[in-house]
Peer 1: 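Before anything else, here's the structure in question.
Sequence lines set the chain letters: A, B, ... in the order given, protein chains first and strands last, and positions in each chain run from 1. Because the structure is a prediction, the values reported are computed rather than measured.
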2 protein chains.
Amino acid sequence: MKIAVLGTGNVGHTIGTKLIVLGHTVMMGSRSADNPKAKAFVAEHPNEASAGTFSDAARFGELIFNCTSGAGSLEALGLAGAHNLKGKTLIDLSNPLDFSKGNPPSLSIVNTNSLGEEIQKQFPETKVVKTLNTMWCGLMVNPGLIGGGDHQVFLCGNHEDAKEKTKVLLKAFGWKEKNILDLGDISAARGTEMYLPLWLRIWGATKNGSFNLKLVS
Amino acid sequence: MKIAVLGTGNVGHTIGTKLIVLGHTVMMGSRSADNPKAKAFVAEHPNEASAGTFSDAARFGELIFNCTSGAGSLEALGLAGAHNLKGKTLIDLSNPLDFSKGNPPSLSIVNTNSLGEEIQKQFPETKVVKTLNTMWCGLMVNPGLIGGGDHQVFLCGNHEDAKEKTKVLLKAFGWKEKNILDLGDISAARGTEMYLPLWLRIWGATKNGSFNLKLVS
């Protein structure tokens, strides 16, 4: 599949690399077409990867991963263009962390709204699925790194077909069916985004970011 | 030990009962001295339990459990009286859930503050420890109900001696040392309180409130 990865940071690089390993072709999108990190990514995968603006990438992708930092996601998606995102599944991995007042960060959208919902509202003809935003990116594409892969990934969104497409990709990333928990509509993004402050505190207490949650019942 | 349990709901009843099983004497505090639920609790344990106002109970207790609903906690603690709480450990189990705008609830204190922190600010001579607020009350006092008890309880607070006292009680409740994670100072209550929206969504998706999180790393 032709997939756009918006964002050139660790998350975008990790997702893009895994997608190529899985046989997809990837265009990495960023603010400028000559982003050095995007160019380096293309140099690593000259046959399967390309780079362009957010708009170029969104036009290219049959499916889009939002791997931009939460503080810039709405602007990045605006640059990508609603017409380029129309009708497509947008898998949103971002968290609205606001570091402007120092550490620990607060959330810029919170409580009665979430970044996932806000993206869905601003791009009503796009099918937003929130997932994978509750863990370090190394685990997103390799859950077997810890605990035999037996821990949880959440997803939510308003469009069942988009959630099914996302589940197929999650399984290709290594997630088992029993560990993928559908939390319902996109408003559940409040829950997964508001978990971030606890995630950061656990990381701080354990000095280890390579952890995840397993539901015990 | 003489322990005050503020609040007569399921959480207060569960905590109070467990404390009595463990050999403590308990005064259950509520808005009025003749609260029917508190009287019923005393009738169940005529030798070990008593009931009174929030103020009576706080005066009685060497240690205080706040089991009031989050929406009323600050008022209840005000009625308990700062002088009755002074120098004591206050174990805070509440969550600032606001159901006034319907379901799902939002949080009335959130993001750059938390109910745990607000209690500590309003009662600076009391030693507030936030714990156990991330699960159904049945698990609080019986973690072995699920997964062999191998799942997490978090605690945080500014006072090491109060956290140590709390850990002793948590272990008496059945929690293993390895499953008790100290998240640091009381500002970590933002993390555990902001987890509630995810908790509620998981409950909604699984139709089972008897679950908890295990950290996998």
Peer 1: Under a 4.5 Å cutoff for heavy-atom pairs, which residue among A:L213, A:I146, A:N111 has the most contacts with chain B?
Peer 2: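 When all of A:L213, A:I146, A:N111 are compared, A:N111 has the most.
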Peer 1: Got more than 12 heavy atoms from elsewhere within 6.0 Å of NZ, B:K167?
Peer 2: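 It does: B:K167 NZ has more than 12 such atoms within range.
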Peer 1: Side chain, backbone, both or neither: which part of B:D150 has a non-hydrogen atom closer than 4.5 Å to chain A?
Peer 2: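 Just its backbone gets close to chain A.
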Peer 1: Quick one: of B:P105, B:G148, B:G209, B:P197, who has the most non-hydrogen atom pairs under 4.5 Å with chain A?
Peer 2: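 Among the listed options, the one with the most contacts to chain A is B:P197.
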Peer 1: Checking B:T134 against chain A: side chain, backbone, both or neither under 4.5 Å from a heavy atom?
Peer 2: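 Contact with chain A: none, neither part.
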Peer 1: Report which part of A:I202 has an atom under 4.5 Å of a heavy atom belonging to chain B: side chain, backbone, both, or neither.
Peer 2: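 Both backbone and side chain.
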Peer 1: Which atoms of A:S210 are under 4.5 Å from chain B, going by heavy atoms: the side chain, the backbone, both sets, or neither?
Peer 2: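 The backbone, not the side chain.
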Peer 1: May I ask you to test the A:M194-B:L107 pair for a side-chain heavy-atom distance under 4.5 Å?
Peer 2: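 A:M194 vs B:L107: side chains touch.
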Peer 1: Counting heavy atoms not belonging to A:K18, are there more than 12 under 6.0 Å from its NZ?
Peer 2: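 Counting neighbours around NZ of A:K18, more than 12 heavy atoms of other residues, nucleotides or ligands fall under 6.0 Å, so yes.
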Peer 1: Heavy-atom count check: over 12 atoms from other residues, nucleotides or ligands less than 6.0 Å from B:K86 NZ?
Peer 2: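 Atom NZ in B:K86 is not crowded, with 12 or fewer foreign heavy atoms closer than 6.0 Å.
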Peer 1: Which atom names give the shortest non-hydrogen contact between A:G147 and B:V216, and what distance separates them?
Peer 2: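 Shortest heavy-atom contact: CA-CG1, 3.5 Å.
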Peer 1: Testing the 3.5 Å rule here: is there a donor-acceptor pair between the side chains of B:T192 and A:R201?
Peer 2: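 A:R201 and B:T192 do not have a side-chain donor-acceptor pair below 3.5 Å.
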Peer 1: How far apart are the closest heavy atoms of A:D182 and B:A205, and which atoms are they?
Peer 2: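 In this case the closest contact between A:D182 and B:A205 is O-CB, 3.5 Å.
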Peer 1: Under a 4.5 Å heavy-atom cut-off, does chain B meet the side chain of A:L183, its backbone, both or neither?
Peer 2: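 Both backbone and side chain of A:L183 come within 4.5 Å of chain B.
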Peer 1: If you tally heavy-atom pairs under 4.5 Å against chain B, which of A:D185, A:L200, A:L139 wins?
Peer 2: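 So the answer, after comparing A:D185, A:L200, A:L139, is A:D185.
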Peer 1: Taking the side chain as every heavy atom from C-beta outward, state whether A:L181 and B:T206 have any pair of such atoms under 4.5 Å apart.
Peer 2: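 Yes, side chains in contact.
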Peer 1: Could you tell me which of B:G204, B:P104, B:S106 has the largest number of non-hydrogen atom pairs under 4.5 Å with chain A?
Peer 2: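 Heavy-atom pair counts peak at B:S106.
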Peer 1: Taking all atoms of both residues into account, what is the closest heavy-atom pair of A:L198 and B:G191, and its distance?
Peer 2: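 Result for this residue pair: CB-O, 3.5 Å.
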Peer 1: For a quick test of reading the model, state the closest non-hydrogen atom pair linking A:N208 to B:S217 and the distance between them.
Peer 2: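 Heavy atoms only, the tightest pair is ND2-CB, 3.5 Å.
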